Amino acid sequence: MSSESTFGDYGGQYVPEALMPAIEELTDAYERYVLDNEDGFMDEFRERLADFGGRPTPLQYAEQLSERYDTDVYLKREDLVHGGAHKLNNALGQVLLAKYMGKERIIAETGAGQHGTATAMACAHLGMPCEIYMGETDIARQRPNVFRMRINGAEVNPVTTGRGTLKEAISETMRDWATTVETTHYVIGSVVGPAPFPAMVRDFQAVISEEAREQAREKIGSLPDSVLACAGGGSNTMGTFANFVEDENVGLYAVEAGGSSLSVDEEKGVAPNSASLSTGDEGVLHGARTKLLQDSHGQIMESHSVSAGLDYAGVGPELAHLVDEERVQAVNVDDDAALDAFHRLSQEEGIIPALESSHALGFLHEHHDELGDSVVVNVSGRGDKDLETVIEETSKRDLESAPDLSVFREVGGGL
Amino acid sequence: MSSESTFGDYGGQYVPEALMPAIEELTDAYERYVLDNEDGFMDEFRERLADFGGRPTPLQYAEQLSERYDTDVYLKREDLVHGGAHKLNNALGQVLLAKYMGKERIIAETGAGQHGTATAMACAHLGMPCEIYMGETDIARQRPNVFRMRINGAEVNPVTTGRGTLKEAISETMRDWATTVETTHYVIGSVVGPAPFPAMVRDFQAVISEEAREQAREKIGSLPDSVLACAGGGSNTMGTFANFVEDENVGLYAVEAGGSSLSVDEEKGVAPNSASLSTGDEGVLHGARTKLLQDSHGQIMESHSVSAGLDYAGVGPELAHLVDEERVQAVNVDDDAALDAFHRLSQEEGIIPALESSHALGFLHEHHDELGDSVVVNVSGRGDKDLETVIEETSKRDLESAPDLSVFREVGGGL
Amino acid sequence: MSLEAVFADEPAFVPYLAAGDPDYDSSIEYVEALARGGADVIELGLPFSEPIAEGPTIQEAVVRSLEAGMTPERFFEFVEDLDVDVPLVCMTYYNLIYQYGTEEGPRPFVERAAEVGIQGFVVPDLPAEEAGPLREACDEFGLDLVFIVAPTTEGERLERMMEHVSGYVYVQARLGVTGARDDVSDHTEQSLARLAQWDVPKAVGFGIKTGDHAERIVSAGADGIIVGSALVDIIAEGHENGDDVADVAERLETKARELKDGALRGAQNRPQPEGK
Amino acid sequence: MSLEAVFADEPAFVPYLAAGDPDYDSSIEYVEALARGGADVIELGLPFSEPIAEGPTIQEAVVRSLEAGMTPERFFEFVEDLDVDVPLVCMTYYNLIYQYGTEEGPRPFVERAAEVGIQGFVVPDLPAEEAGPLREACDEFGLDLVFIVAPTTEGERLERMMEHVSGYVYVQARLGVTGARDDVSDHTEQSLARLAQWDVPKAVGFGIKTGDHAERIVSAGADGIIVGSALVDIIAEGHENGDDVADVAERLETKARELKDGALRGAQNRPQPEGK
Ligand SMILES: Cc1ncc(COP(=O)(O)O)c(C=O)c1O
Ligand SMILES: Cc1ncc(COP(=O)(O)O)c(C=O)c1O
């Protein structure tokens with residue numbers, strides 16, 4: 001672990017001056033508590049991750065997929081973390097850090113609602129007041145997560161600007177932070193934002209690969225040939241890769257959302273995908289220099305993915321750097337393939353994956369014969385939050401693996 | 001573990017003759033595979049529980065509750081089991097056993113949908129065709145679980161007889177079984193039904209107390225003074241108690257659903273509660289002699305609880321026996337107190353419990369000063385499935401711990 | 001006449017109705033119509049709220065009867081009120097037997113049943129293993145306890161069971177729950193063959209619907225036929241259409257005659273019984 | 001006139017508008033109206049899709065301008081088309097500066113800005129730490145880079161920052177985002193006191209709405225006032241009501257005069273400046 005503020009050309013701290021002192025304070029806290037385990041911070045963090053969060057999560061051998069693909073497939077089960085996704089690893093770390101720093105209030109943005117619920121849970125657990133910013137569009141498509149945040153005692157502030165999704169929610173949270181920075185910590189939900197966030201969030205998420213690497217050694221007897229993770233902002237990705245980066249023989253694949261197409265509509269400022277690593281270019285967004293979906297003038301594009309949690313125009317700077325360095329392969333999978341993979345895992349392995357994670361599984365499906373003899377796929381979250389979306393999107397398509405979903409109309413009324 | 005077919009006066013095998021040979025076959029398989037670990041059955045079961053199911057689950061020290069009640073409160077986190085409840089422990093065990101027995105098809109009943117989803121998941125995991133019977137009323141109030149079963153590839157058969165809840169679903173599943181018994185295994189969802197189900201389901205669930213007892217020793221340094229679990233059919237209850245039964249100094253509390261009142265309406269055949277241990281009397285239902293909610297003629301009453309998973313007129317025979325023996329205290333908590341406890345745990349500890357489990361937490365709230373210095377409460381499942389019910393039921397009441405839920409109306413439309 | 005004796009001379013027709021379906025008075029008419037139509041024994045159902053062995057037809061009869069106010073006590077009055085000249089068997093679930101009276105266990109129920117003239121019991125959720133207490137009470141009051149032999153009942157299990165049989169055996173023609181079917185199961189012949197060595201009347205039930213069915217089953221060797229759902233269907237239909245009770249009763253009587261006649265035909269073209 | 005020189009004689013009035021709000025032509029009128037109303041420097045916003053430092057008022061202006069087709073190139077044309085006689089400062093976010101032209105980095109943007117006569121930049125998401133490349137390009141083309149000093153900028157951090165200042169310092173009157181407020185923050189006086197030791201013009205912004213505000217802030221020691229949202233509000237209202245562009249322009253001119261007059265009054269009852 002180190003406190004890099006840049007990764008090659010990426011990273012940095014492109015934020016309003018008003019936030020800089022807080023960011024310096026945070027950098028200092030990060031170095032002391034996280035990197036140097038001052039006051040036993042990391043010990044407490046790890047203990048809470050275990051007892052409250054349910055870690056370690058299993059590395060499960062997937063029998064049916066292994067047989068189907070003639071490759072040993074192992075699933076890292078982050079869907080079993082409390083709250084249903086890897087997001088708690090980071091949220092718990094940051095809220096605990098804010099407590100050590102003497103902050104009195106937590107704010108966070110959320111897209112799919114997973115980071116928001118994770119933050120709300122961590123705040124309830126640690127007794128911190130919490131407000132979550134969430135775009136109106138996302139609120140409408142992720143209702144159960146809105147309920148969960150409120151039930152955990154968090155305020156949910158609807159964001160009505162722009163298209164009402166993650167990008168706008170982040171901007172709005174930064175505005176709150178610029179006003180309340182003295183007492184408030186902003187829990188960013190991925191490896192994005194100004195330094196030290198990208199490195200810090202990676203370090204909190206690195207527990208995934210710390211466990212997985214050890215578990216792989218035990219189960220496979222060696223390191224895996226390939227490791228796959230979906231990439232939105234890239235926190236589950238960096239968490240899953242971190243401890244494998246030095247293992248040069250392990251192939252690392254960051255699977256982005258290909259959406260409905262990789263091409264863009266400059267006129268409307270819309271990219272029908274969220275593949276910033278694969279198709280974006282360098283720019284500055286939300287505090288960091290990284291790869292972005294932007295038009296030729298530098299205006300940020302509306303991204304799109306069937307999976308709300310991947311629906312973001314940027315990506316973590318360290319991940320962008322690792323892709324430039326060719327240590328990580330940036331690949332992508334479209335909406336259809338992700339939905340298909342969702343159904344496949346649900347039916348064949350009895351695990352309902354998040355639509356985000358389904359992208360990684362979709363890549364496995366399409367490229368299993370190029371990934372070597374053993375593959376670790378990070379199942380970053382569970383798909384309970386996605387049921388309504390999946391039913392709706394499946395009914396619009398002719399998918400290979402989808403079950404007949406007509407029962408949903410027969411019983412208990414329509415959608 | 002032993003293969004008792006009766007517990008004191010309770011238990012037995014009150015089923016149609018056509019099922020008896022299958023029940024004998026099952027008894028034999030239970031004794032060989034479960035009790036004697038033939039062919040390494042139990043080893044495989046335990047391994048799958050770990051890798052697929054996410055066991056062991058933590059025994060978490062609950063800081064805020066402990067402070068509030070001035071008692072060390074530990075939560076056994078069955079909400080973290082794959083699928084969101086203890087139900088998988090049993091479903092996985094039975095589906096695996098059916099596979100060892102050479103059965104080709106699985107059927108199960110479900111009430112709250114938790115046992116149905118657990119069974120559907122276990123069947124997908126083990127490649128077994130699966131049909132779930134579920135009452136129409138329950139289908140309407142537990143829609144997300146219906147979706148999950150279908151997405152896992154199970155058939156969901158609506159049951160339209162009677163009030164369309166668990167009782168009718170069990171009867172209907174027995175009817176299916178009576179027709180298909182030669183090829184089909186019926187995965188009963190709790191410690192109810194004819195022998196060997198009560199003992200077998202208990203043995204599959206006993207992993208809860210096996211872990212908890214060991215974890216308590218480590219964390220408390222001794223055994224807890226009291227152990228609390230909610231009781232519907234009683235599977236999480238027996239699982240949580242099993243390894244403590246011999247520890248005479250450990251108080252065991254089975255918390256039933258007090259519903260809206262403990263009194264009954266003989267005329268209508270309705271009990272506005274599900275407190276069969278506290279208020280029921282001996283009778284025969286669904287294959288076993290046990291305590292039941294019945295009218296003076298022996299007709300089974302409609303039970304009621306705000307929590308669908310506790311809404312059952314019977315209870316496991318072994319639990320009834322342990323209550324008669326005064327080894328287990330039968331207590332109960334009403335709908336209001338359960339809802340309050342739901343909100344309390346969500347806000348104070350960041351864990352959204354199932355409404356079922358909330359009953360155990362409600363008892364803790366009301367009787368914390370009678371439970372000694374250390375209490376283990378089984379959080380049998382997570383409450384994600386209950387969100388709609390909780391919002392609706394909370395809006396009808398004036399609860400101490402409920403958050404302001406008006407945001408649900410402001411954003412994203414009405415319920 | 002003892003239950004066993006009924007089967008001695010000719011194949012017996014054993015109809016089933018849920019007592020009190022759709023209401024007390026009509027039900028009395030219906031039972032009497034069956035007697036007129038040629039019933040040799042009548043199985044009278046005392047409805048239980050959780051009829052796990054019944055298919056939809058009888059489930060609905062149970063609901064109708066319960067909603068019309070049937071209780072165990074009313075059931076006994078019902079039997080007393082009946083003006084029929086054939087043996088009556090009470091078919092019910094064990095919990096109702098168990099709960100009756102102040103004392104625990106089946107004795108009070110059996111005592112009262114004997115008092116009103118019931119001659120035997122069929123209890124679908126009471127396998128031989130659990131039947132001890134009821135068996136004892138039956139013996140005390142001289143009632144028969146009829147067991148069901150399922151297609152899955154074989155070998156040792158069958159042998160153990162046959163030791164307990166009294167009255168007749170209820171041979172379940174196929175797996176599943178009650179309900180009229182268009183086919184007559186292969187299981188029937190196999191089951192009858194399995195039972196051939198025991199000298200006790202064998203009445204076949206589950207799914208018999210027409211005189212032809214009855215004929216085939218008797219010619220396959222059955223000593224009697226048990227018919228429930230096909231009769232209950234007639235009541236359900238009449239009830240739904242609001243038909244006159246007398247009309248429905250007549251239809252039942254006609255149906256009964258069809259079934260009894262079928263059984264008689266079956267007896268004629270039956271291969272000569274060996275031992276009897 | 002250099003930016004610094006503007007502040008030399010009397011307190012400066014520095015209005016902000018988003019260029020192209022609500023459309024190109026109207027916006028030209030509005031900017032010119034502000035010049036007529038007494039603006040000493042004009043901050044022209046080049047709209048960015050993610051304006052993280054702006055409150056709702058300016059966010060909406062940004063949306064209007066972008067929807068009307070504003071781009072960096074159009075922005076430069078806009079500046080060329082303007083007929084005003086005061087220094088212009090471009091306020092925008094770093095990504096637009098960074099992306100302009102074919103070459104990477106800020107140089108092409110600065111070069112083009114210099115060409116059209118822009119005299120400086122304010123970049124709200126570019127703290128001193130990241131300003132190196134832009135600073136260099138500004139130096140090359142002789143433009144000023146204005147930094148924002150926030151209420152939280154103190155001690156060493158403040159000292160480091162003041163080394164980079166050119167033109168004037170933008171003193172952020174309170175924490176938060178842009179937007180007109182009814183109060184004038186206490187932070188202003190403290191901030192001005194903290195900055196007293198540096199001999200550079202101090203323009204105070206964030207929340208100034210009326211001539212009275214302007215007066216109080218200048219009398220507290222500010223060398224200038226920066227006003228954005230209060231002016232953008234007038235445009236938004238006019239746009240919504242479908243008012244004549246000329247009418248709106250006149251309202252802007254009047255408001256500008258009110259603010260400038262307030263500032264001038266403030267200068268009169270200001271305690272005598274010590275060092276200057
Ligand atoms: C389950 C899950 N996986 C992945 C992501 C994408 O985020 P990241 O790329 O930071 O892991 C999200 C975001 O909400 C998520 O909920
Ligand atoms: C979470 C949870 N707890 C408890 C129960 C009650 O069942 P049992 O008493 O068998 O544990 C259920 C049943 O659905 C459940 O879902």
Side-chain angles (χ1 to χ4, degrees), chain A residues 50-55 57-61 63-64 77 79-84 120-127 134 136 139-141 143-144 146-148 150-153 155-156 158 342-343 346-352 383-385 387-388 390-391 403-405 407-408 410-413, chain B residues 50-55 57-61 63-64 77 79-84 120-127 134 136 139-141 143-144 146-148 150-153 155-156 158 342-343 346-352 382-384 387-388 390-391 403-405 407-408 410-413:
Chain A
D51 284 359
F52 175 63
R55 302 208 70 92
T57 60
L59 183 72
Q60 181 198 336
Y61 181 67
E63 287 160 291
Q64 331 285 339
R77 297 290 307 279
D79 61 303
L80 291 173
V81 175
H82 181 50
M121 286 180 154
C123 285
H125 175 64
L126 292 165
M134 188 169 185
E136 277 196 323
I139 285 180
R141 61 179 171 170
R143 278 169 62 77
V146 181
F147 293 172
R148 293 162 82 204
R150 290 292 296 132
I151 296 243
N152 277 315
E155 299 295 329
V156 178
F342 174 97
H343 288 301
S346 300
Q347 282 169 56
E348 298 194 0
E349 298 287 351
I351 300 166
I352 302 178
D384 300 40
K385 67 182 179 61
L387 294 176
E388 297 280 348
V390 166
I391 291 162
D404 173 13
L405 294 175
V407 66
F408 297 136
E410 284 156 31
V411 299
Chain B
D51 285 358
F52 175 63
R55 301 209 72 91
T57 59
L59 183 72
Q60 181 200 336
Y61 181 67
E63 288 161 291
Q64 331 285 339
R77 297 289 307 278
D79 61 303
L80 291 174
V81 175
H82 180 51
M121 285 180 156
C123 285
H125 175 65
L126 293 166
M134 186 169 186
E136 277 195 323
I139 284 180
R141 62 179 170 170
R143 278 171 61 77
V146 180
F147 293 172
R148 292 163 81 204
R150 288 293 295 131
I151 292 224
N152 277 316
E155 298 295 328
V156 178
F342 174 97
H343 289 300
S346 300
Q347 283 169 55
E348 298 194 1
E349 298 287 351
I351 300 166
I352 302 178
R382 60 171 135 94
D384 300 41
L387 294 175
E388 298 280 348
V390 166
I391 291 163
D404 174 13
L405 293 176
V407 66
F408 298 135
E410 283 157 33
V411 299

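In this text the structure is predicted, and so the values were computed from the model without any measurement. Residue numbers start from 1 in every chain, and the chains themselves are labelled A, B, ... in the order their sequence lines are given, proteins ahead of strands.
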Between A:Phe147 and B:Glu388, is there a side-chain heavy-atom distance shorter than 4.5 Å?
yes
Minimal heavy-atom distance between A:Gly54 and B:Pro58, with the atoms involved, is CA-CG, 3.8 Å
Closest non-hydrogen atom pair, B:Gly350 against A:His82:
O-NE2, 2.8 Å
Using heavy-atom distances under 4.5 Å, tell me whether B:Arg382 contacts chain A through its side chain, its backbone, both, or neither.
side chain
Just give me the residue among A:Asp79, A:Leu80, A:Asn152, A:Leu387 that pairs up with chain B most often, heavy atom to heavy atom, under 4.5 Å.
A:Asn152
When you compare the side chain of A:His125 with that of B:Glu63, does any pair of heavy atoms fall below 4.5 Å?
yes
Heavy-atom closest pair (A:Ser346 atom, B:Ala124 atom, distance to 0.1 Å) is O-CB, 3.5 Å
Top residue by heavy-atom pair count (under 4.5 Å) with chain B, among A:Ile351, A:Val81, A:Leu59?
A:Ile351
Please walk me through it: do A:Arg77 and B:Asp51 pass side chain to side chain contact (heavy atoms under 4.5 Å, CB included)?
CA-CA 9 Å; A:Arg77 297 290 307 279; B:Asp51 285 358; over 6 Å; no
Considering only heavy atoms, which portion of B:Glu348 lies under 4.5 Å from any heavy atom of chain A: side chain, backbone, both, or neither?
backbone
Apply the test side chain to side chain contact (heavy atoms under 4.5 Å, CB included) to residues A:Ile151 and B:His343: give CA-CA distance (whole Å), side-chain angles for both, the deciding distance (0.1 Å), then the verdict.
CA-CA 7 Å; A:Ile151 296 243; B:His343 289 300; 4.2 Å; yes
Given B:Arg55, B:Gln60, B:Gln64, B:Met121, the one with more heavy-atom pairs under 4.5 angstrom with chain A than any other is B:Gln60
